[in-house]
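Within every chain, numbering begins at 1; the chains are lettered A, B, ... in the order of the sequence lines, protein sequences first and strands thereafter. For the numbers below, each heavy atom of this structure counts, side chains included, while hydrogens, waters and symmetry mates do not.
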Amino acid sequence: MARYDPHAIERRWQAIWEDEGTWQVPNPGDPGFDDSKPKDYVLEMLPYPSGEPHVGHLKVYSVGDAIAHYRRRNGFQVVHPMGYDAFGLPAENNAIKTGEHPRDATWRSIEEFRRQFRSWGISIDWTREVATCDPAYYRWTQWIFLRMFERGLAYRTEAPVQWCPNDQTVLANEQVIDGHCERCGALVEARSLEQWFFRITEYADRLLSDFDLLESWPEHVVTMQRNWIGRSEGAEVTFRCEELEIDFPVFTTRPDTLFGATFFVVAPEHPEVERLAAGTGHEDAVRAYVDEAIRSSAEERGAEDRQKTGVPLGRTVTNPVNGERIPMFVADYVLMEYGTGAIMAVPAHDQRDFEFARAFDLEIRQVVAPPDSGEAPIDEAFLGHTAGEVLVNSGSFDGMPATDAKRAITNWLAERGLGKAAVNYRLRDWLLSRQRYWGCPIPIVYCDRCGIVPVPDEDLPVELPDTDDYAPKGQSPLAAVTDWVNTECPRCGGPATRETDTMDTFVDSSWYFIRYLDPRNSERPWDRRATDYWMPVDQYIGGVEHAILHLMYARFFTKALADIGELSVQEPFASLFTQGMITRGGAKMSKSKGNTVNPADLVERHGADTARTYVCFMGPPDRGGDWVDEGVEGVHRFLSRLWRLSEEVVERTAAGEMPGDLGGAARELVAKAHWAIAKVTRDIEQGFQLHTAIAAAMELVNKAYELKDALYDDAAGAAALRFATATAASLIFPFAPHLAAEAYESLEGERVWEQPWPEADEALLERDTFTLIVQVNGKLRDQLEAAAGAPEDELLRLARESENVRRHIDGREVVKEVVVPGKLVNLVVR
RNA sequence: GCGGGCGUGCCGAAACUGGUAAACGGGCCGGCUUUAGGUGCCGGUGCUCGAGAGAGUUUGAGGGUUCGAGUCCCUCCGCCCGCACCA
């Protein structure tokens with residue numbers, strides 16, 4: 001008998017799928033489009049092509065492909081595309097080091113990814129492939145940017161950036177490690193530069209409320225996004241500095257504690273700091289403090305257990321509720337990025353204000369107290385989160401429950417024009433400018449006469465020019481390409497210069513799933529007919545590391561594009577599955593640790609089917625797991641067993657109808673096959689339990705081995721064996737498609753992927769007998785065979801007859817009999 | 001600190017609505033096949049006592065509800081992930 005030779009099998013089927021374009025699906029209106037099937041869009045996050053694929057890629061695409069295959073065989077028209085997130089820093093850093101153009105390194109890597117994905121037999125519609133660094137793609141990234149610009153959703157403003165004083169360059173967040181430059185180790189500084197932003201904050205509320213529109217997202221991802229958006233309800237209250245006649249609005253979630261404000265703090269970056277300190281005699285101290293604060297990194301400022309610091313400004317503001325003048329401070333625990341960059345400090349009811357008050361010996365006045373207990377001892381801030389607290393020391397509001405007082409005080413302020421109800425978000429606008437070469441150029445021109453001018457659509461794409469110097473020098477490497485930078489103003493024809501920053505790569509990946517649906521369109525970014533049909537993505541699969549940024553940006557883009565009138569859905573991804581990370585020896589795989597597994601080697605040694613099945617079998621796919629080489633062997637053994645079984649069955653049995661009434665071993669095996677169908681179906685359907693689905697297929701194969709020698713003798717047995725083996729192949733197909741196709745073809749003469757997903761026959765799942773569990777006082781005492789439909793009294797009789805049961809009840813009184821028909825009997829004795 | 005997840009054999013893990021704890025895989029032990037094997041097939045394997053039948057015991061710790069708890073409720077401990085001076 002032939003040995004299981006994965007390479008020959010895999011080559012054969014991959015060639016068939018390639019030649020026949022098996023996984024290609026037409027769009028509505030295209031020839032061959034089948035509108036009788038419901039659509040299904042299965043998508044895995046696109047890879048960043050760097051070097052060659054690693055096991056993480058093997059896992060996402062194995063899991064995703066299993067789902068795609070499963071859905072196809074359940075009657076769906078499945079689109080399952082692939083592409084490359086091909087702009088980005090690693091290729092550029094490589095260019096700085098070696099001088100090789102990032103484009104060349106990237107395309108070389110894309111070639112390798114393609115080759116390996118094909119060698120894995122992933123069922124991709126390759127006609128839809130895109131790469132974000134291709135001008136035919138980024139032309140439309142620019143087009144979307146321009147539509148956003150027209151709507152005010154893309155805007156330019158001055159903003160602080162991370163600056164490396166040694167390299168004279170702006171750094172992306174990812175390039176700042178613990179406040180230091182990734183490349184030279186210098187302490188990073190904050191600088192202010194003109195930057196482009198997307199106004200994602202305008203969508204904060206919709207990004208929150210539209211979680212309701214999602215079908216199935218992991219709860220923790222929704223929670224992470226919710227926390228990231230960080231919506232807080234409260235009030236904006238105006239404190240006035242009478243001496244300088246400046247109003248200072250603050251945001252607070254606790255307007256009920258307004259009477260407890262005993263001082264006022266502004267952030268070191270606050271624009272009024274210098275004016276406030278001027279002429280107070282505190283100027284020098286304030287300037288020294290502000291300089292120090294601005295120089296230190298966010299890391300240092302936010303360090304845990306750090307003492308509160310700050311300096312007095314020598315000014316006061318007036319508390320609008322009681323007219324009290326309270327002293328002003330500048331302190332770095334107040335952040336310019338959140339709220340208004342200034343706070344009212346209520347030390348009795350805020351931990352940070354409390355610590356500051358302690359350090360500076362300021363008044364701590366309690367204004368909220370539990371209803372009965374009076375005032376709390378002042379050794380820590382009373383945070384007042386339990387229900388029922390009432391106001392104290394709060395003038396006419398005394399005695400009012402704190403929850404009511406929030407509204408009452410806000411209303412009181414609003415009537416007098418001193419404040420209003422307000423909502424604040426932690427979410428900031430999306431800074432998309434990167435002073436980098438290998439990214440999508442921002443299609444904007446600056447003209448002395450016309451100002452900021454968008455590049456007209458017909459001039460897109462603004463192509464990335466070539467250069468040989470990729471090193472950043474305080475501005476984008478593009479700035480040095482003067483031929484390209486100097487251009488004509490599209491509006492007035494006068495001299496103008498191009499924007500030299502490129503876009504954050506998250507922009508490229510915020511809409512790729514739409515482009516897949518109409519990837520060759522050169523007139524428009526996509527045809528609405530295609531997107532109306534295919535969108536949203538029904539099942540999105542990828543790593544948790546993208547739980548916040550990528551997923552939120554893509555949601556934002558989808559909403560913005562819907563508002564612009566280019567899409568008809570509000571949410572891009574109806575269901576999301578996040579897969580866990582594979583480790584080895586308990587540690588993240590890395591070249592420096594030398595614990596990596598190379599998928600190409602793995603496929604070379606065991607074949608793609610083994611590699612794919614193993615990553616799905618390791619454990620719950622959302623949880624990640626530790627790579628064990630022996631485990632791979634185990635899966636390979638299982639696939640070999642299935643292979644040999646199928647060879648043997650083909651050789652020793654003839655194809656034929658299975659008789660309707662089976663008995664003995666034949667019946668047992670057929671019942672097991674139906675059990676496996678039900679189990680695999682339920683496990684895939686309910687929460688991606690792929691590992692237990694594979695275990696069920698293993699059980700079926702084990703049962704066939706156990707019974708096969710008794711089954712070869714008669715036609716009914718042979719038919720049962722053929723059925724069970726073909727079923728095992730059919731069920732393992734989503735995971736090991738090549739082997740399954742080969743085995744199924746030799747057994748049934750059909751292509752397994754063209755067969756509908758098998759259905760479990762309820763009648764065959766039922767057995768004529770079952771194992772009756774007999775307990776005494778809840779302890780297992782015997783296991784008996786009982787007839788399937790046996791009535792309760794019959795089961796009780798059987799149980800009482802058991803010798804072991806009798807030993808445990810003799811001489812005692814049976815006070816209760818619990819019977820669960822078809823399952824167990826429990827006798828309670830005293 | 002806030003939010004989320006998790007704790008079960010030697011290891012990865014399983015257990016649908018409370019009903020045989022440990023399916024499946026690995027590892028280990030043994031048998032058979034083989035000239036030989038690191039191949040294949042079969043069997044065993046939570047722990048303790050026992051020759052055995054069997055008994056006791058076991059799901060991070062403690063308590064509770066129940067005829068019956070890995071599963072439900074309360075208290076506590078430990079680990080992992082995300083966010084973090086967000087007013």
How long is the line joining [atom1] of [X] and [atom2] of [N], in whole Å?
| X | N | atom1 | atom2 | result |
| --- | --- | --- | --- | --- |
| A:Arg352 | B:A87 | CZ | P | 7 Å |
| A:Arg781 | B:G68 | CZ | C1' | 13 Å |
| A:Lys779 | B:G68 | NZ | P | 11 Å |
| A:Glu647 | B:G40 | CD | P | 16 Å |
| A:Met618 | B:C11 | CE | C1' | 12 Å |
| A:Glu355 | B:G1 | CD | C1' | 11 Å |
| A:Asp622 | B:G4 | CG | P | 17 Å |
| A:Gln307 | B:C85 | CD | C1' | 13 Å |

Pairs involving residues 811-830 of chain A, ordered by first then second residue, that meet salt bridge (charged side-chain N to carboxylate O under 4.0 Å, His left out) (sequence neighbours left out):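 Checked against salt bridge (charged side-chain N to carboxylate O under 4.0 Å, His left out) - neighbours excluded - the pairs reaching residues 811-830 of chain A are A:Arg800-A:Glu817, A:Glu813-A:Arg830.
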Under 4.0 Å: is that the gap between some side-chain N or O of [X] and OP1 or OP2 of [N]?
| X | N | result |
| --- | --- | --- |
| A:His808 | B:G54 | no |
| A:Ser232 | B:A87 | yes |
| A:Arg226 | B:G4 | no |

Run the ring pair (Phe, Tyr, Trp, His ring centres under 6.0 Å) test against [X] and tell me which residues pass, sequence neighbours left out.
| X | answer |
| --- | --- |
| A:Phe239 | A:Phe264 |
| A:Phe688 | A:Phe577 |
| A:Phe360 | A:Phe329, A:Phe356 |
| A:His606 | A:His636 |

Is any side-chain heavy atom of A:Ile200 closer than 4.5 Å to one of A:Met552?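 Touching, per the 4.5 Å side-chain cut-off.
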Do A:Thr692 and A:Asp683 have side-chain N/O donor and acceptor atoms under 3.5 Å apart?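 A donor-acceptor contact under 3.5 Å links the two side chains.
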Distance-only polar pair, side chains of A:Thr253 and A:Glu233, donor-acceptor under 3.5 Å: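 Distance-only check fails for A:Thr253 and A:Glu233.
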For RNA chain B, the residues among residues 329-338 of chain A that have a non-hydrogen atom under 4.0 Å from it: A:Asp332, A:Tyr333, A:Val334, A:Leu335, A:Tyr338
Which pairs, protein N/O on one side and nucleotides 45-49 of chain B N/O on the other, fall under 3.5 Å?
none

Using a 6.0 Å cut-off, check whether atom CD of A:Glu785 has over 12 heavy atoms from anything other than its own residue. yes
Whether each nucleotide of nucleotides 18-28 of chain B has a protein heavy atom under 4.0 Å at its base (B), only at its sugar-phosphate (S) or at neither (-) is summarised, 5' to 3', as -BB--BBSSS-
Within the 4.0 Å limit for protein heavy atoms, which parts of nucleotides 78-83 of chain B are touched? Write it as a string from 5' to 3', B for base, S for sugar-phosphate only, - for none. ----SS
Are the aromatic ring centres of A:Phe354 and A:His349 under 6.0 angstrom apart?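 No.
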Integer angstrom distance from the [atom1] of [N] to that of [M]:
| N | M | atom1 | answer |
| --- | --- | --- | --- |
| B:A69 | B:G52 | C1' | 33 Å |
| B:A36 | B:G50 | C1' | 41 Å |
| B:A22 | B:G9 | P | 14 Å |
| B:U71 | B:C81 | P | 27 Å |
| B:A15 | B:A87 | P | 40 Å |
| B:A51 | B:C76 | C1' | 45 Å |
| B:U8 | B:A61 | C1' | 15 Å |
| B:C49 | B:C74 | P | 39 Å |

Looking for any heavy atom pair under 4.0 Å, which part of the strands does A:Tyr705 touch: base, sugar-phosphate only, or nothing? sugar-phosphate
What's A:Pro620 touching, base or sugar-phosphate or nothing? Going by heavy atoms closer than 4.0 Å. sugar-phosphate
Does any N or O in the side chain of A:His546 come within less than 3.5 Å of the main-chain N or O of A:Gly542, such that one atom is a donor and the other an acceptor?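 Between the backbone of A:Gly542 and the side chain of A:His546 there is no qualifying donor-acceptor contact (under 3.5 Å).
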From the options B:C67, B:C42, B:A55, select the nucleotide whose nearest atom is closest to the side chain of A:Val828. B:C67
Applying ring pair (Phe, Tyr, Trp, His ring centres under 6.0 Å) as the test, list every pair that has at least one member in residues 611-631 of chain A; sequence neighbours left out.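 As it turns out, the ring pair (Phe, Tyr, Trp, His ring centres under 6.0 Å) pairs with a partner in residues 611-631 of chain A, which skip direct neighbours, are A:Tyr614-A:Trp627.
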Of the options A:Leu413, A:Val321, A:Ile409, which is the one that meets A:Val237 in a side-chain contact (heavy atoms from CB on, under 4.5 Å)?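 Exactly one option meets the side-chain contact (heavy atoms from CB on, under 4.5 Å) with A:Val237, and it is A:Leu413.
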Does the structure show a Watson-Crick or G-U wobble partner for [N], both distances under 3.5 Å? Name it, or say none.
| N | result |
| --- | --- |
| B:G27 | B:U45 |
| B:A51 | none |
| B:G1 | B:C83 |
| B:G78 | B:C6 |

What residues, two or more places apart in sequence or in another chain, satisfy side chain to side chain donor-acceptor pair (under 3.5 Å) together with A:Thr309?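 Partners of A:Thr309 by the side chain to side chain donor-acceptor pair (under 3.5 Å) criterion, ordered by chain and then number, come out as A:Tyr289.
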Could you tell me which residues satisfy side chain to side chain donor-acceptor pair (under 3.5 Å) with A:Asp205, sequence neighbours excluded, listed by chain and number? A:Arg231, A:Tyr425
Whichever of A:Glu219 and A:Asn777 has its nearest RNA chain B nucleotide further upstream toward 5': A:Glu219
Comparing A:Gly624 and A:Arg682 on RNA chain B - which has the more 5′ nearest nucleotide: A:Gly624
Run the side-chain hydrogen bond (donor to acceptor under 3.5 Å, both in side chains) test on A:Glu648 and A:Tyr712 for me, step by step, so that the C-alpha distance in whole Å, both residues' side-chain angles and the decisive distance to 0.1 Å come before the verdict. CA-CA 10 Å; A:Glu648 190 181 290; A:Tyr712 282 123; 2.6 Å; yes
Kindly indicate, with the supporting measurements, whether the criterion salt bridge (charged side-chain N to carboxylate O under 4.0 Å, His left out) is fulfilled by A:Arg806 and A:Glu801. CA-CA 7 Å; A:Arg806 252 184 298 180; A:Glu801 273 171 12; over 6 Å; no
Under a 90° cut-off about 0 for the syn range, is B:G60 syn or anti?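 In terms of base orientation relative to the sugar, B:G60 is anti.
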